[in-house]
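Structure, as structure tokens:
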Number of protein chains: 2
Amino acid sequence: MLQNYIKSTNINPHVSVDCVIFGFDFTGLKVLLIERKRENQKINIQKNMLLPGDLIRDDEDLDTAAQRVLRELTGLKNIYLTQFHSFGDPNRVSSKSDAEWLISVREQPTARVITVAYYALVKLHDYKPAASSFAKKTEWCDISAIPELAFDHNLIFTKALEHLQRTLREHPIGFELLPKKFTLSQLQKLYEAILQIPLDKRNFLRKILKTNILIPLKEKQQGVSHKRAQLYGFDKKNLSKVKHFGI
Amino acid sequence: MLQNYIKSTNINPHVSVDCVIFGFDFTGLKVLLIERKRENQKINIQKNMLLPGDLIRDDEDLDTAAQRVLRELTGLKNIYLTQFHSFGDPNRVSSKSDAEWLISVREQPTARVITVAYYALVKLHDYKPAASSFAKKTEWCDISAIPELAFDHNLIFTKALEHLQRTLREHPIGFELLPKKFTLSQLQKLYEAILQIPLDKRNFLRKILKTNILIPLKEKQQGVSHKRAQLYGFDKKNLSKVKHFGI
DNA sequence: ACAAAAGTGTTTAATATACACCCATGT
DNA sequence: ACATGGGTGTATATTAAACACTTTTGT
């Protein structure tokens with residue numbers, strides 16, 4: 001099936017895209033990992049999780065390829081997606097299990113592959129696992145508990161997180177990970193989860209309100225056993241006006 | 001055929017690196033452009049300048065390939081070099097003259113090539129044009145007067161400059177472009193040339209001195225028809241201690 | 001003497017940080 | 001009544017920005 005897929009399209013066997021897909025479930029920052037399909041059951045079970053990715057097609061732009069991977073895996077469109085680095089170590093595929101898996105899955109399993117890495121921010125509550133040709137199983141893994149991954153994917157993940165942290169400190173991209181309505185403390189928890197530092201509630205509020213990107217809604221949080229928090233939405237009109245958002 | 005090619009030459013015909021090499025001559029920020037060698041004289045003379053770059057070798061890391069291009073072209077080693085973006089538009093080679101040039105130069109002129117772009121900061125006064133296989137002629141071109149370049153190289157240049165500007169605002173990398181001894185106003189002119197904004201002399205001085213990365217030398221500028229300026233060097237020991245250098 | 005760039009402080013505005021108590025709700 | 005998180009203001013320290021005159025040197 002996978003084979004048919006490859007043959008029927010124009011695959012470029014030399015370049016792939018990999019996607020570090022971040023989500024936020026109000027407790028911590030998560031990354032979407034997939035378990036690789038093993039047609040040959042004898043393959044070593046070590047390092048069996050990896051980042052989603054695929055070889056690009058020969059008529060396809062890099063960004064388009066990353067979007068395709070994302071859509072096939074999550075069913076989501078219009079997602080925040082940024083290319084952040086390319087990885088081309090000739091020894092990217094160093095382990096035996098990686099090499100064996102490629103043999104089972106690729107037409108040119110020993111071809112050297114350069115991968116262009118992207119990170120995406122998705123609204124986790126919108127996500128429904130899509131039936132995908134990529135994955136046997138998908139899993140949202142907390143960033144504090146990433147296992148050893150196949151290939152150089154731990155390195156790719158680390159670079160993605162660093163990039164996300166740097167970007168979040170300067171640009172208000174947090175709403176990409178939140179539902180349309182959210183409370184200030186949910187937003188603060190998001191910042192704390194990504195930056196991995198505690199923030200002061202009042203100072204955070206002041207700073208974020210000054211940007212004019214939050215609109216207070218006429219609604220309050222429901223079903224909590226404490227005072228109901230004000231709900232906010234993001235004002236995308238003002239987003240472009242925010243220059244420096246230092247946190 | 002593909003197999004033979006790969007075996008015989010060791011070149012990976014699918015991935016290249018391109019280098020945006022910046023230099024500073026005390027009047028403005030410059031980029032090193034090369035004029036492409038034309039074996040066939042009939043090739044259109046339009047867009048004849050381009051950024052230096054090369055196909056990678058099949059056993060070579062991306063960073064290594066970029067360093068190799070840099071060394072072959074400039075003779076310099078130990079140069080500040082950063083990967084900043086990869087370009088893979090399937091129509092990167094759109095013009096007729098680009099396609100013709102590739103035919104005259106590459107074994108697989110129509111192969112799709114993804115390019116991984118780097119920018120480098122070099123000390124212009126150390127630079128001696130090296131005899132290079134890449135270039136017919138090399139030229140330091142002021143960033144305000146970049147001509148139309150081959151392929152998507154204008155796009156690559158623009159992205160490189162944006163990246164450099166962002167980096168310079170946060171990290172004191174200016175010294176990579178300056179000689180060992182320099183005056184404060186030379187440093188300031190460098191910042192102004194890169195960021196393309198005017199800076200206040202006293203405020204700039206205060207900010208840069210607070211980082212402790214400058215060492216005043218026991219020397220003064222010579223041969224100028226005005227008051228001789230204090231010379232400074234960079235203190236690399238303190239470089240890593242500088243966290244936020246906002247300008 | 002003049003031109004050209006060096007060198008040098010102060011005042012004011014803006015921003016960042018630290019910090020603690022009462023409130024509304026569900027159990 | 002109590003546990004939980006929501007909501008709110010002020011004082012202080014730090015950083016940024018604006019601004020002008022005197023000095024040294026070569027011509």
Side-chain angles (χ1 to χ4, degrees), chain A residues 24-28 168-172 178-179 181-193 195 197-233 241-247, chain B residues 24-28 168-172 178-179 181-193 195 197-233 241-247:
Chain A
F24 180 65
D25 70 356
F26 303 122
T27 68
L168 187 71
R169 281 179 178 276
E170 304 244 310
H171 306 283
L178 289 173
K181 302 169 181 180
F182 53 87
T183 69
L184 280 172
S185 77
Q186 288 170 342
L187 183 62
Q188 185 183 333
K189 282 201 184 88
L190 168 62
Y191 273 78
E192 291 175 333
L195 301 179
I197 50 169
L199 295 170
D200 179 88
K201 186 163 52 157
R202 284 173 286 192
N203 294 336
F204 180 76
L205 169 71
R206 190 180 4 243
K207 204 174 283 189
I208 202 101
L209 284 184
K210 210 172 43 178
T211 63
N212 286 322
I213 53 170
L214 291 193
I215 338 174
L217 305 176
K218 292 189 187 68
E219 268 181 274
K220 296 219 159 187
Q221 192 181 30
Q222 296 294 332
V224 287
S225 77
H226 51 76
K227 186 168 173 178
R228 290 165 182 165
Q230 173 71 246
L231 287 172
Y232 289 85
K241 296 178 199 158
V242 182
K243 276 163 223 157
H244 192 71
F245 179 57
I247 283 206
Chain B
F24 180 65
D25 70 354
F26 303 122
T27 68
L168 187 70
R169 280 179 178 278
E170 306 245 312
H171 305 282
L178 289 173
K181 302 170 182 180
F182 52 88
T183 70
L184 280 172
S185 78
Q186 288 170 340
L187 183 62
Q188 183 182 336
K189 283 202 183 89
L190 168 62
Y191 273 77
E192 292 175 331
L195 302 178
I197 51 170
L199 295 170
D200 179 89
K201 185 165 51 160
R202 282 173 287 189
N203 293 337
F204 179 76
L205 168 70
R206 185 176 13 241
K207 203 172 285 187
I208 204 98
L209 284 184
K210 210 172 45 181
T211 63
N212 285 324
I213 54 170
L214 292 194
I215 337 173
L217 304 176
K218 292 190 187 70
E219 269 181 89
K220 297 220 161 189
Q221 193 182 28
Q222 296 295 332
V224 287
S225 77
H226 52 75
K227 188 170 174 178
R228 289 165 182 165
Q230 172 71 244
L231 287 172
Y232 288 85
K241 297 179 199 157
V242 181
K243 277 162 220 153
H244 191 73
F245 178 58
I247 283 206

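Naming: A, B, ... by sequence-line order, numbering from 1 per chain. No experiment lies behind these values; they were computed from the predicted model shown.
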query = Which part of the nucleic acid, if any, lies within contact of Q221(B), taking any heavy atom under 4.0 Å across all strands shown: a base, the sugar-phosphate backbone alone, or nothing?
reply = nothing
task = Nearest whole angstrom, please: distance from the C1' of dG7(D) to the CD of Q188(A).
result = 12 Å
query = Just by modelled atom types, is the L199(A) backbone N or O under 3.5 Å from a matching donor or acceptor in the Q188(A) side chain?
reply = yes
inquiry  = Minimum heavy-atom separation for I197(A) and E192(A), please, with both atom names.
reply    = O-CG, 3.3 Å
ask   = If only atom types and distance count, is the side chain of N203(B) paired as donor or acceptor with the main-chain N or O of R206(B) below 3.5 Å?
value = no
key: Closest-nucleotide ordering on DNA chain C, the 5'-leading residue of L205(B) and K189(B)   = K189(B)
note = Rounded to whole Å, the CD-C1' distance (Q186(A) to dT4(D)) equals 15 Å
note = R228(A) and K220(A) have their tightest heavy-atom pair at O-CD, 3.8 Å
remark   = To the nearest angstrom, the CZ-P distance between F182(A) and dG5(D) comes to 20 Å
ask   = How far apart are the closest heavy atoms of I213(A) and I208(A), and which atoms are they?
value = CG1-O, 4.4 Å
ask   = Could you give the angle between the helix axes at the two ends of the helix from dA1(C)-dT27(D) to dT27(C)-dA1(D), with five pairs per end, rounded to 10 degrees?
value = 0°
inquiry  = Tell me the interatomic distance from Y232(A), atom OH, to dG6(D), atom C1', rounded to whole angstroms.
reply    = 11 Å
Over all atoms of both residues, closest heavy-atom pair of L217(B) and G233(B) = CG-N, 3.8 Å
remark   = D200(A) meets the salt bridge (charged side-chain N to carboxylate O under 4.0 Å, His left out) criterion, sequence neighbours left out, with none
request  = Quickly work out the F204(B) CZ to dG7(C) P distance and round it to whole Å.
outcome  = 13 Å
ask   = How many angstroms lie between CZ in F204(A) and CG in L184(A), if you round to the nearest 0.5 Å?
value = 7.5 Å
task = Figure out the CG/P separation between L199(A) and dA16(C), and round it to whole Å.
result = 13 Å
ask   = How close do G28(B) and D25(B) get, heavy atom to heavy atom, and via which atoms?
value = N-OD1, 3.0 Å
query = Could you write nucleotides 17-26 of chain C as a row of B, S and -, 5' to 3', where a protein heavy atom under 4.0 Å of any base atom gives B, of only sugar-phosphate atoms gives S, and otherwise -?
reply = BBBB--BBBS
task = Please state whether the phosphate of dA6(C), meaning OP1 or OP2, lies under 4.0 angstrom from any side-chain nitrogen or oxygen of S185(B).
result = yes
Euclidean distance, atom CD1 of residue I247(B) to atom P of dT15(D) [Å, nearest integer] = 15 Å
